[in-house]
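First comes the structure, then the notes that go with it.
What's counted below: heavy atoms across the whole structure, side chains too, no hydrogens, waters or symmetry copies. In what follows, chains are A, B, ... by sequence order, proteins preceding strands, each numbered from 1.
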Amino acid sequence: MKLIFEKSVPGRRCTILPACDVESVSLPDSLRREEKPALPEMSETDISRHYTELCKQVHGVNCGFYPLGSCTMKYNPRIDEEMAALPGFAGVHPLSPAQDRKGMQQVLDTAAEYLCQITGMDDMTFQPAAGAHGEFTGVLLIKQYHDARGDKKRTKIIVPDSAHGTNPATAAMCGFDVVNIASGPDGCVDLDALRAALGEDTAGLMLTNPNTVGIFDKNILEITRLVHEAGGLCYYDGANLNAVMGVVRPGDMGFDCIHMNLHKTFATPHGGGGPGAGAVGCKAFLKEFLPHSALAEEPGHIQVRSFQGNFLVVVRALAYLLTLGKEGIPEAAENAVLNANYLMAKLRGTYTPAYDRLCMHEFVLDLSDLKKETGVSALDVAKSLIDEGIHPPTMYFPLIVHEALMLEPTETEGIETLDHAAEVLRKLYHKAFEDAASMHTAPHNMPIGRPDEVQAARKPVLRWKNT
Amino acid sequence: MKLIFEKSVPGRRCTILPACDVESVSLPDSLRREEKPALPEMSETDISRHYTELCKQVHGVNCGFYPLGSCTMKYNPRIDEEMAALPGFAGVHPLSPAQDRKGMQQVLDTAAEYLCQITGMDDMTFQPAAGAHGEFTGVLLIKQYHDARGDKKRTKIIVPDSAHGTNPATAAMCGFDVVNIASGPDGCVDLDALRAALGEDTAGLMLTNPNTVGIFDKNILEITRLVHEAGGLCYYDGANLNAVMGVVRPGDMGFDCIHMNLHKTFATPHGGGGPGAGAVGCKAFLKEFLPHSALAEEPGHIQVRSFQGNFLVVVRALAYLLTLGKEGIPEAAENAVLNANYLMAKLRGTYTPAYDRLCMHEFVLDLSDLKKETGVSALDVAKSLIDEGIHPPTMYFPLIVHEALMLEPTETEGIETLDHAAEVLRKLYHKAFEDAASMHTAPHNMPIGRPDEVQAARKPVLRWKNT
Amino acid sequence: MGSYVPSTGTQREEMRKAVGVSSMRELFRDVPEQMLLTEPLHIPAGMSELEVSRTMTAMAAENRVYGTVLRGAGAYDHYIPSIVKYIPAKEEFLTAYTPYQAEMSQGLLQSIFEYQTMICQLTGMDVSNASVYDGATAAAEAAAMCRDRKRRVTLISGAAHPDTINTVRTYCYGTGDEVRIVPVKDGKTDMDALGEMLTAEVSGFYVQQPNFFGQLEDAEALGALTHQAGALYIMGCNPIALAIMKTPRACGADIAVGEGQPLGLPLGCGGPYLGYMASTEKLMRKLPGRIVGETTDSEGRRAYVLSLQAREQHIRREKASSNICSNEALCALTAGLYMATMGPDGMAQAAEQSMAKAHYLARALCAIEGVSLAYTGEYFHEFVTHMPRREAVLSALAEGDILGGLPVGEDGVLWCATEKVSRAQLDKAVSIVKEVLAK
Amino acid sequence: MGSYVPSTGTQREEMRKAVGVSSMRELFRDVPEQMLLTEPLHIPAGMSELEVSRTMTAMAAENRVYGTVLRGAGAYDHYIPSIVKYIPAKEEFLTAYTPYQAEMSQGLLQSIFEYQTMICQLTGMDVSNASVYDGATAAAEAAAMCRDRKRRVTLISGAAHPDTINTVRTYCYGTGDEVRIVPVKDGKTDMDALGEMLTAEVSGFYVQQPNFFGQLEDAEALGALTHQAGALYIMGCNPIALAIMKTPRACGADIAVGEGQPLGLPLGCGGPYLGYMASTEKLMRKLPGRIVGETTDSEGRRAYVLSLQAREQHIRREKASSNICSNEALCALTAGLYMATMGPDGMAQAAEQSMAKAHYLARALCAIEGVSLAYTGEYFHEFVTHMPRREAVLSALAEGDILGGLPVGEDGVLWCATEKVSRAQLDKAVSIVKEVLAK
């Protein structure tokens with residue numbers, strides 16, 4: 001379809017603003033731009049149709065199944081959107097006087113209280129705008145902690161090789177050296193490797209539990225004990241919290257701080273990449289290191305972005321928390337795990353689970369054999385799912401599994417959806433033996449086929465230009 | 001796709017209401033229903049996806065070109081929706097005390113004032129819920145007028161054969177006999193036929209001007225004079241008001257009363273068939289006959305529905321009226337006429353206009369020749385447009401033109417859209433000579449092909465049943 | 001100032017030339033010169049979107065939105081689930097016309113087919129149409145369905161909503177048919193009077209259930225009586241009540257109609273609302289308005305179309321039974337969506353809670369000196385009390401952000417409660433009434 | 001009580017059996033027994049939708065929404081066109097994840113590509129990324145882009161927003177790099193001081209335009225000075241001002257960043273907002289975060305993909321320049337939509353009117369005894385006045401439904417006006433101030 005610029009007509013416009021009712025003032029010439037920006041010139045009809053056309057080329061979780069592993073694509077409730085749009089939230093200036101923002105404080109305090117209960121932490125900040133931003137904030141808590149004690153030798157953060165890419169990247173952004181440790185054959189932390197990595201230079205450990213292959217690490221208490229013994233702190237990557245919320249708490253596993261993706265676990269929409277919210281919780285001894293806002297509060301604290309974070313996302317998450325409550329939270333986790341195991345059970349016998357055992361909220365299939373036998377790769381299967389109206393699983397992650405497809409159905413899917421997905425996946429498995437060629441070029445029924453990513457990277461075209 | 005009932009799962013539900021906080025009360029057994037209604041049992045995920053799937057199989061004017069003649073499918077502005085959703089309008093009880101509804105009265109009064117200016121009428125009611133309902137109300141004004149004068153002999157309403165089907169149907173609902181008069185060769189009223197039809201039994205005339213072939217009847221003053229001379233009243237069917245608003249007024253043409261389709265001329269959305277609003281205006285001498293609401297006002301008046309009509313539709317229309325204002329109203333009409341003439345000019349030479357002269361806001365093509373030469377009918381061309389993403393024009397109307405396609409682009413379309421539509425229509429014309437067969441079975445790219453309407457009428461299946 | 005015309009001046013020139021006129025005004029050369037407006041309309045200049053927003057918002061602010069609504073009388077303040085507000089605003093649904101082109105409108109057609117089915121499930125009837133304007137016009141159209149050459153008189157219960165009575169009367173005025181009002185006794189239709197009025201010229205009898213005073217009519221007996229006289233029986237039922245109440249079909253109704261507003265539509269100062277209409281299979285071809293039917297396409301795929309169009313005005317013209325054309329399709333979609341979201345249990349919950357809360361309120365009010373129920377019969381979620389110092393009471397409630405009941409008769413107030421009102425809100429209302437009456 | 005789990009009890013049983021566990025708790029058999037929660041969480045029981053709506057609405061009612069907002073300081077109350085509020089709420093856009101699967105996400109990818117282009121048009125820069133969290137983090141990421149092995153010191157103007165300064169400082173604390181604050185003189189960056197501070201270890205200098213005090217910096221001269229010292233020049237610009245203001249590119253900036261909130265995002269108590277980032281082509285591969293690029297599919301059709309991923313954390317892991325992953329995609333879509341709706345002329349109108357109204361307000365305020373401008377330079381839509389009896393003035397304004405300016409320094413108030421405020425609203429504010437100070 002055409003770009004919005006290709007639909008622009010010089011002189012066309014919407015009539016949004018009235019004539020100015022005060023005397024006009026000009027910028028001095030030295031400060032004026034020479035020509036007006038070449039933004040699109042459109043009627044409202046044009047705009048409406050353009051974005052409707054765009055939206056028809058997008059698949060959201062509220063429109064269909066989206067088993068994207070590690071992303072917890074659960075249904076995003078409408079009431080949460082309605083609450084976030086209330087003028088009492090959306091229309092309030094972040095720097096209005098505190099007495100005019102009592103409701104804002106109530107939202108933050110209530111959400112903090114509930115999330116502390118769920119995670120076993122003592123305090124919480126909502127300033128981080130996303131998961132990785134929360135990791136950054138969390139690891140800065142660790143850094144401040146060691147710094148405040150004058151413990152300068154702790155320069156290393158330990159990260160398992162199954163970790164999300166954000167973990168090592170975050171450690172680096174916080175000035176730490178990253179020590180990668182290999183996972184054991186069960187995808188869990190190899191205790192010997194951990195012991196070998198620990199030492200006086202250990203600042204901390206970053207861990208996801210359940211881990212990225214969907215397995216709960218049984219040795220978790222031993223792991224956190226070992227790290228603490230070595231003088232390090234334990235950071236919990238909350239990306240997979242949906243599996244265990246209300247069932248077991250990171251705080252009880254021995255973690256000192258944690259981030260949560262409100263836009264995963266707590267049902268706020270991803271918006272095609274953001275905004276998210278990466279709330280960070282910590283034990284009481286780290287509280288003094290939490291970020292503050294320069295204008296709103298006392299100085300001398302770290303600050304990871306302006307004001308108090310993606311507040312309207314917190315509103316949505318709180319509406320969700322209020323809805324589920326004490327029974328609903330573990331019910332969600334249990335059903336997320338049940339759904340994942342059910343889907344895995346339905347696929348077992350056709351596909352090969354990378355770890356053939358009870359999983360948590362997600363599981364990984366290993367398609368190496370299929371690829372060897374038919375040439376059809378995990379990518380081919382994923383792309384073929386698109387034609388069936390199902391969003392592909394996460395592909396080629398975690399890195400420790402070859403030809404990986406990682407499926408996370410979440411608790412908001414019914415058995416009919418899971419049965420249908422299993423049927424489609426089995427059909428594709430058989431198709432791989434019969435018609436591999438067509439799978440290599442899937443999808444076939446979308447506005448585009450597979451894009452040439454190499455060309456995109458080699459000769460980057462990152463903006464439209466009038467040619 | 002599946003029906004919602006086929007997606008229902010016993011016991012599945014959304015959690016909308018809390019537990020009851022007062023003592024429960026039971027209906028006596030004699031008044032209780034025996035079993036609960038078999039409504040769908042759904043999760044919110046199911047509902048969201050079901051309706052998203054449905055909505056992808058609908059084409060609205062805000063999504064694409066919709067040149068449906070006589071329906072004035074103009075762009076429906078978003079601000080109008082926002083205004084209609086304001087709690088101060090949407091959340092108000094129609095029978096709350098008058099002092100609590102001052103804003104409601106302001107909306108009705110302001111809209112009435114503006115519409116009286118535009119139509120040349122003296123008063124206005126917003127009680128009628130749609131165009132045909134407005135016709136009913138308007139013709140009842142005529143009936144009451146004659147009745148009030150004790151003039152019992154006036155039993156006939158004159159209607160041209162080019163009229164919308166609602167005109168004769170309305171006259172019949174008001175107890176009148178319908179006198180159909182044939183149109184002249186130019187599609188306009190044949191004055192001789194009119195004179196012949198007029199008499200002491202004439203209650204009135206119902207007329208659209210411009211008429212349904214898109215031509216302004218030059219003799220309009222003579223027509224209304226003749227009717228008045230015979231003692232009848234003149235009713236203006238406002239379906240085509242978009243052609244002339246702000247340029248010429250029905251009141252000045254000699255009409256005594258009028259209905260307007262706010263959902264056509266004044267840009268309120270059609271909602272897939274309704275709600276509309278059929279405001280009715282009249283000259284001062286008919287004011288006493290306007291409908292009232294039994295509860296809200298003094299009794300003894302006619303009433304065509306509950307309360308004061310489709311109020312939230314009036315809100316939208318007023319927002320539109322405020323936006324356009326005194327310059328915008330005629331500008332809209334002029335551009336509606338310009339667009340229709342431009343599109344006709346672009347098609348002339350390929351297609352045959354039924355009346356090859358300057359048109360008003362719409363025009364009719366006569367595809368008889370094409371049908372004779374290729375076998376491709378107006379229906380085939382219309383259905384072929386669907387595959388091109390263009391909503392078909394009105395087909396086989398007015399009845400006085402054979403193989404009619406009636407196109408009304410409206411003023412909210414840009415030249416690019418008209419050029420594109422002309423190109424597509426020309427392409428289809430040529431295709432008729434080359435591949436008539438495929439046009440007989442068009443459309444090909446939609447969820448269904450042509451449905452069997454005969455079967456639908458002969459063996460009606462009007463509801464789902466669990467089989 | 002505001003404009004939705006996309007064409008720029010340059011483009012208009014280009015188009016004007018292509019059309020071959022020398023000016024925009026020449027486009028109107030068929031219009032007799034003396035009729036053309038020579039000066040601008042006497043309405044204000046156009047506004048930008050910002051100004052429109054300011055102006056309309058100021059008007060809306062002149063209306064009062066109450067935190068607690070204890071008034072019904074034909075418009076009911078039920079809770080509307082969030083998704084029910086959201087989905088009908090999708091511009092595909094919102095901005096489509098009547099689905100004449102089935103291939104391009106399957107989504108709309110299916111939504112109406114689903115709505116028709118749900119109305120049948122709710123009422124127990126065989127067939128539903130795609131909606132008419134509101135409950136009052138549904139009653140009027142139903143009355144018209146009943147008439148034949150011999151039977152031209154319509155009976156309507158005096159306990160029906162006054163707007164309904166007046167609308168039926170108006171429709172009958174149109175066709176020249178007679179309406180007779182059946183008297184009310186102790187807040188209900190007078191059965192004895194009905195028996196006497198059911199003469200051979202009576203085509204149909206309409207009763208509202210629950211009636212305007214909130215009372216539950218003995219609908220089965222009324223139906224039996226009507227049928228004995230050879231007339232058809234029309235019931236106008238509150239659709240929320242139908243979740244738990246005996247269906248019109250079970251009460252013997254030939255036609256079931258009603259106001260669909262309680263099914264997820266906002267109060268909206270009175271509209272748009274929704275008239276639902278359903279009948280026995282026998283009367284199917286007399287149902288007015290659009291009806292969606294299921295059929296197949298040439299490949300055998302299930303398809304939905306506007307069906308039975310032979311009844312309609314664009315085919316039958318002056319011989320059509322009704323002139324209805326546009327209906328309330330989007331409201332029907334909303335109602336279907338509401339019923340699907342609530343489900344059978346949620347609908348029953350809404351009905352039971354509304355009833356329980358009304359009874360709670362009635363008991364509490366009647367415990368106040370001077371307040372008593374006006375009628376003795378069973379009621380659903382509305383009831384009439386005698387109320388001393390009525391104006392003072394309603395004003396005091398308004399000051400407390402409560403819209404009290406509707407004044408009826410000399411000293412009556414017609415109250416309503418729905419599931420949306422909490423016990424605390426009810427208690428507050430009662431304590432305000434108590435306080436006023438204690439003075 | 002509330003639940004979004006669709007499975008019924010029966011279905012769960014069926015699934016449990018298929019999985020082969022004897023209870024739901026057995027699913028968690030890998031979790032060491034002693035860690036499992038044995039009693040329910042200490043949070044309230046779940047709520048129905050109606051209760052959630054009541055509870056959250058009550059919280060929202062504890063916030064105050066002002067009819068007139070004369071406060072900016074990083075969050076600006078511009079008019080948001082209706083369509084800009086509507087479109088991003090479409091659930092396709094709203095509920096999608098990052099567009100990893102290009103074939104299923106062309107709409108999202110194209111919207112971002114269009115946003116990137118518009119940011120380039122607005123700033124004059126060559127390349128834009130798909131957004132970062134907000135203006136403050138954009139500044140911090142830009143500072144990181146400038147650093148290399150030798151140049152590790154970041155300079156930032158003391159006239160930048162305090163949140164920005166603090167955020168840049170925090171990011172530098174992470175990597176162990178140094179931040180130095182360039183002093184402020186008469187409300188602007190002290191050019192002489194900057195000259196002295198631009199040593200060989202300085203990697204980049206960040207200035208905000210207009211700055212925190214509303215003053216317009218001499219951005220070209222600052223840029224020239226920075227480049228002379230071999231450092232890179234980062235400008236943080238208000239995007240509405242850019243509709244009429246000299247572009248960062250024309251001022252010599254290597255990187256342009258800023259807070260995109262004014263582009264159609266609500267005040268929202270501070271978020272979500274939008275960090276925009278654009279740079280010269282030279283720095284393209286140092287830009288952090290997602291970038292959408294154009295390419296073709298195998299049939300030569302134009303296609304959009306997430307591009308240049310080799311820079312990102314999921315490929316580079318600890319060697320990535322930033323850990324950013326989720327960004328503010330929907331806010332970027334909104335900003336693009338806002339710019340398209342306003343168009344170049346509408347944007348300029350918003351900028352010019354904001355500026356005109358701020359100057360009108362400043363003149364009127366400074367005509368009051370005791371009130372005067374704190375700084376003498378040119379300003380856009382914000383300015384600082386000395387304000388006697390500041391607390392009393394702001395309270396009186398609040399009583400008049402006006403959020404006055406932000407208190408800064410000892411007796412200063414930082415005012416802001418936008419196109420949304422009418423002259424009448426400004427006059428009212430001024431008369432309130434006058435009245436307080438006349439007492």
Checklist entry - Between Arg32(B) and Ile244(C), is any pair of side-chain heavy atoms under 4.5 Å apart? => result yes
Checklist entry - Is there a donor-acceptor contact under 3.5 Å from the side chain of Arg301(C) to the main chain of Ile448(B)? => result no
Next on the checklist: Using the rule given for salt bridge (Lys or Arg N to Asp or Glu O under 4.0 Å), can you reason through Lys36(B) versus Asp345(C), listing the C-alpha separation, both sets of side-chain angles and the distance that settles it, and then say yes or no?
Outcome noted: CA-CA 8 Å; Lys36(B) 57 184 187 182; Asp345(C) 295 331; 2.9 Å; yes
Next on the checklist: Quick check on Met173(B) against chain C: is it the side chain, the backbone, both or neither that has a heavy atom closer than 4.5 Å?
Outcome noted: both
Next on the checklist: Given heavy-atom pairs under 4.5 angstrom as the criterion, report whether the side chain, backbone, both or neither of Glu294(C) touches chain B.
Outcome noted: both
Checklist entry - Where does Met253(B) contact chain C at under 4.5 Å (heavy atoms): side chain, backbone, both or neither? => result both
Checklist entry - Which atoms of Ile329(B) come close to chain C, meaning under 4.5 Å heavy atom to heavy atom: side chain ones, backbone ones, both, or neither? => result side chain
Checklist outcome for this item: Answer key: most heavy-atom pairs under 4.5 Å with chain B among Leu242(C), Val69(C), Leu426(C), Ile324(C) is Leu242(C)
Item to check | Proximity breakdown for Pro443(B) and chain C, heavy-atom pairs closer than 4.5 Å | outcome: side chain
Next on the checklist: At a 4.5 Å cut-off on heavy atoms, which part of Tyr66(B) comes close to chain C: side chain, backbone, both, or neither?
Outcome noted: side chain
Checklist entry - Do Ser128(C) and Leu462(B) come close enough that some side-chain heavy atom pair is under 4.5 Å? => result no
Next on the checklist: Quick check on the interface: out of Gly175(B), Ala90(B), Gly271(B), who has the most heavy-atom pairs with chain C under 4.5 Å?
Outcome noted: Gly271(B)
Checklist entry - Judged by atom type as modelled, is there a donor-acceptor pair below 3.5 Å linking the side chain of Asp452(B) to the main-chain atoms of Thr296(C)? => result no
Checklist outcome for this item: Ranked by heavy-atom pairs below 4.5 Å to chain B, first place among Gln309(C), Glu51(C), Met339(C), Arg169(C) goes to Met339(C)
Checklist entry - Between Glu259(C) and Arg305(B), does at least one N-O distance fall below 4.0 Å, as a salt bridge requires? => result no
Checklist entry - Glu327(B) versus chain C, heavy atoms under 4.5 Å apart: side chain, backbone, both or neither? => result side chain
Checklist entry - Once the angle between the rings of Phe307(B) and Tyr273(C) is folded into 0 to 90°, is it parallel (under 30°), tilted (30 to 60°) or perpendicular (over 60°)? => result perpendicular
Item to check | Under the ring-ring contact (aromatic ring centres under 6.0 Å, His included) test, residues paired with Phe113(C) that sit two or more places apart | outcome: Tyr304(C)
Item to check | Part of Phe5(B) within contact of chain C (heavy atom distance under 4.5 Å) | outcome: side chain
Next on the checklist: Counting heavy-atom pairs under 4.5 Å with chain B, which one of Pro266(C), Pro44(C), Ala243(C), Ser326(C) comes out on top?
Outcome noted: Pro44(C)
Next on the checklist: Please classify the contact of Ala96(C) with chain B as side chain, backbone, both or neither, using a heavy-atom distance under 4.5 Å.
Outcome noted: both
Next on the checklist: Using heavy-atom distances under 4.5 Å, tell me whether Met104(B) contacts chain C through its side chain, its backbone, both, or neither.
Outcome noted: both
Checklist entry - Considering only heavy atoms, which portion of Ser48(B) lies under 4.5 Å from any heavy atom of chain C: side chain, backbone, both, or neither? => result both
Item to check | Interface moiety of Glu413(B) toward chain C, non-hydrogen atoms closer than 4.5 Å | outcome: backbone
Checklist entry - What part of Glu81(B) gets closer than 4.5 Å to chain C, counting heavy atoms only: side chain, backbone, both or neither? => result side chain
Item to check | Ring-face cation of Lys74(B) near Tyr4(C) (centre distance under 6.0 Å, axis angle within 45°) | outcome: no
Item to check | chain B contact via Leu36(C) - side chain, backbone, both or neither, heavy atoms under 4.5 Å | outcome: both
Checklist entry - For the side chain of Arg71(C) and the backbone of Leu95(B), is there at least one donor-acceptor N/O pair under 3.5 Å apart? => result yes
Item to check | Under 4.5 Å from a heavy atom of chain B, the part of Ala348(C) involved | outcome: neither
Checklist entry - Under 3.5 Å, is there a donor-acceptor pair linking the side chains of Asn323(C) and Thr166(B)? => result no
Checklist entry - Pick one: which of Thr170(C), Asp163(C), Thr164(C) meets side chain to side chain donor-acceptor pair (under 3.5 Å) with Gln303(B)? => result Asp163(C)
Next on the checklist: For Asp134(C), which atoms come within 4.5 Å of any heavy atom of chain B: side chain, backbone, both, or neither?
Outcome noted: side chain
Checklist entry - Side chain, backbone, both or neither: which part of Leu403(C) has a non-hydrogen atom closer than 4.5 Å to chain B? => result side chain
Item to check | Contacting region of Asn76(B) [heavy-atom separation from chain C under 4.5 Å] | outcome: side chain
Checklist entry - Given a strict heavy-atom distance threshold of 4.5 Å, which part of Val292(C) is in contact with chain B: side chain, backbone, both, or neither? => result backbone
Checklist outcome for this item: Turns out that what part of Glu220(C) lies under 4.5 Å from chain B's heavy atoms comes down to side chain
Checklist entry - For Leu122(C), does its backbone N or O pair with a side-chain atom of Arg33(B) as donor and acceptor, under 3.5 Å? => result yes
Checklist entry - Got Asp21(B) and Lys357(C) here, is their nearest side-chain heavy-atom distance under 4.5 Å? => result yes
Next on the checklist: I need the minimum non-hydrogen distance between Leu140(B) and Gly174(C), along with the two atoms involved.
Outcome noted: CD2-CA, 3.8 Å
Checklist outcome for this item: Of Gly325(B), Ala267(B), Gly274(B), Gly88(B), the largest count of non-hydrogen pairs under 4.5 angstrom with chain C goes to Gly274(B)
Item to check | Greatest number of heavy atom pairs closer than 4.5 Å to chain C - which of Glu453(B), Glu23(B), Met42(B) | outcome: Glu23(B)
Checklist entry - Which answer fits Leu94(C), side chain, backbone, both or neither, if we ask what part of it has an atom under 4.5 Å from a heavy atom of chain B? => result both
Item to check | Residues Lys383(B), Glu103(C): salt bridge by 4.0 Å N-O rule | outcome: yes
Item to check | Part of Asn261(B) within contact of chain C (heavy atom distance under 4.5 Å) | outcome: neither
Checklist entry - Who among Ile165(C), Thr175(C), Val21(C) has the most heavy-atom pairs with chain B under 4.5 Å? => result Thr175(C)
Item to check | Residue part contacting chain B, namely of Tyr173(C), when any heavy atom lies under 4.5 Å | outcome: both
Item to check | Leu86(B) versus chain C, the contacting section by heavy-atom distance below 4.5 Å | outcome: side chain
Next on the checklist: Which atoms of Ala45(C) are under 4.5 Å from chain B, going by heavy atoms: the side chain, the backbone, both sets, or neither?
Outcome noted: both
Item to check | Structural part of Ala340(C) lying under 4.5 Å from a heavy atom of chain B | outcome: both
Next on the checklist: Check the orientation of Tyr133(C) and His133(B). Use parallel for under 30°, tilted for 30 to 60°, and perpendicular for over 60°.
Outcome noted: tilted
Checklist entry - Do Leu37(C) and Asp252(B) have side-chain heavy atoms sitting under 4.5 Å apart? => result yes
Next on the checklist: Please find the pair of heavy atoms, one from Gly272(B) and one from Leu108(C), that lie closest to each other, and give the distance.
Outcome noted: CA-CD1, 3.6 Å
Checklist entry - Taking Asn310(B), Ile302(B), Leu221(B) one by one, which has the highest count of heavy-atom pairs under 4.5 Å against chain C? => result Asn310(B)
Item to check | Residue pair Val58(B) / Met104(C), side-chain heavy-atom distance below 4.5 Å | outcome: no
Checklist entry - Between Gln116(C) (side chain) and Arg463(B) (backbone), is there a donor-acceptor pair under 3.5 Å? => result no
Item to check | Side chain / backbone / both / neither for Gln106(C) at chain B, heavy atoms under 4.5 Å | outcome: both
Checklist entry - chain B: which of Asp30(C), Thr98(C), Val5(C) shares the most heavy-atom pairs with it under 4.5 Å? => result Asp30(C)
Checklist entry - Most heavy-atom pairs under 4.5 angstrom with chain C, which of Cys63(B), Pro87(B), Pro330(B), Ala171(B)? => result Cys63(B)
